[in-house]
Student: 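Below: one structure in structure tokens.
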Amino acid sequence: MALWSGRFSGDRKNSLIDFTESISFDRRLFRCDIAGSKAHVKMLAQCGYVSKATADKITRELDAIVSRIEKGDFVFTPELEDIHMHIESEIIKKLGDEGARLHTARSRNDQIALDIRLYLRELSKDIICETRTLQAALVAKADENRDTIMPGFTHLQHAQPVLFAHHLLAYVEMFERDAGRIHDCIRRISLCPLGSGAIAGTTLKIDRRMTAKMLGFSGPARNSMDAVSDRDFICEFVAALAIFAMHVSRLSEDIVLWCSEEFGFVELDDAFCTGSSLMPQKKNPDIAELARGKTGRIYGSLVAVLTICKGLPLAYNRDLQEDKEPLFDAADTVLKILSVYPGMIRTMKAKKERMLAAASDPCLMATDLAEYLVEKEIPFREAHKKVGKLVRFCRENGKKLDSLSLKEMKSLIPEADEKALTLFSPVRSVSRREIAGGTGFREVRRQIGFWKKKLGTANH
Ligand code: ARG
């Protein structure tokens, strides 16, 4: 019998029970729910609403429920709807009237608002920690490839030579911002909803500061209506996960391209690839592809939580129960990606010669020549035009930029000298980009040093 059944007549149909239950997915909140109840009952005792002895008994039973659920020795049933009612019913079953005092000055509305906040606080630690592991794997791969040169791309066309390490560190920057976003979101979950009741607070003289403090919040939420109906933090959290997934998806796309015959820049370890059931020669980068594909469901979760909240009148509405499955699915998916991705990066082999060969087309150094002319006080636009004409000259006459004689070069660029002929090596090109944030060898080494220190790479 449901705890709220007082004003209702008749039994509920199974299909309706199935439709309304959330225990199938909110049971994972049990630790948070019990932590909240323990703080609440302690406060009720302090304020004189339950005796110290009752509070102690309830606390002991709550602890026992945690170990029973952990052991798989607790029966969940859809009739009891959600995790809050399962735990409260169990307390009442064990302690009778004493247990029936637990829900004093509390509603499931402030209870669930508390539980998800506590849950996200813990979950964020795992996600940030795993993100650090991924960053560390990328930094270690960059460190192994301090001198590996590859073509950098814009519009997926060869642009300029860059260090492979520089490319990898670009992703380390993205994941740093992702961790920062999750951190920010948690920082905003700093006020405790307990004591907001169903909507309007309570007539009972409870101490909201005490529960807030016990549960690690900076204080009680200022507005009870906002506190029970706010799900901004879920939207923010899932948005942060969606942006993270977008970054993983971009990296996956790079890796899929790099593995292709056409690029041939990296080889993934066999463990991270699968074969084809039909074509015996195939080695497919499925882990990268699946990570890219799973991004779709995380975006779906974000759209779901935003849509659930949109158009809800204040304050709590049962629609809000629907926020949990997309939240949990997005978090589970991100953790799944993070459980395999660092290993794939660690075991990925760079094919250095292939990358260097692809970066050796002298056309990739055309900008270097234009900038060299700028050093000779030619306005950049003019230098750009002159080099463009030189490139066309080469194309029309079947020549390469690096095989022109000084005479040929001077015929189109009179300001050119012997040194201009030496600019067409990718190693030279990279080594001339020692600007802050550039792809120069020393600069990238400095960046690797920065990340190793920041991430304490030794620990990963
Ligand atoms: N299972 C509900 C949820 O997730 C808990 C709160 C239910 N409150 C209520 N008044 N029915 O939102």
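Residues take their numbers from the sequence shown, with the count starting at 1. Ligands are counted one by one from 1 in listed order, and the atoms in each one are counted from 1 as well.
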Student: Should Y171 and H247 be marked as a ring-ring contact (aromatic ring centres under 6.0 Å, His included) after you check the CA-CA gap, both sets of side-chain angles, and the distance that decides it?
Tutor: CA-CA 7 Å; Y171 285 104; H247 291 150; 7.8 Å; no

Student: Just list the side-chain donor-acceptor pairs under 3.5 Å for residues 134-142, sequence neighbours left out, or say none.
Tutor:
unit_1	atom_1	unit_2	atom_2	d
Q135	OE1	R132	NH1	2.7
Q135	NE2	V172	O	3.0
Q135	NE2	E176	OE1	3.0
K141	NZ	E144	OE1	3.0
K141	NZ	R346	O	3.1
K141	NZ	M348	O	2.7

Student: Taking the cut-offs as 6.0 angstrom to the six-membered ring centre and 45 degrees off its axis, would you call R27 and F74 a cation-pi pair?
Tutor: no

Student: Angle class for the F244/F175 ring planes (parallel below 30°, perpendicular above 60°, tilted otherwise)?
Tutor: tilted

Student: Parallel, tilted or perpendicular: which fits the ring planes of F153 and F265, with parallel below 30° and perpendicular above 60°?
Tutor: tilted

Student: Show the protein residues that qualify under the rule heavy atom under 4.0 Å from an atom of ligand 1, listing them in chain and number order.
Tutor: S22, D82, H84, R108, N109, I112, Y316, R318, Q321, K324

Student: Over 60° means perpendicular and under 30° means parallel, so tell me whether F328 and Y119 are parallel, tilted or perpendicular.
Tutor: perpendicular

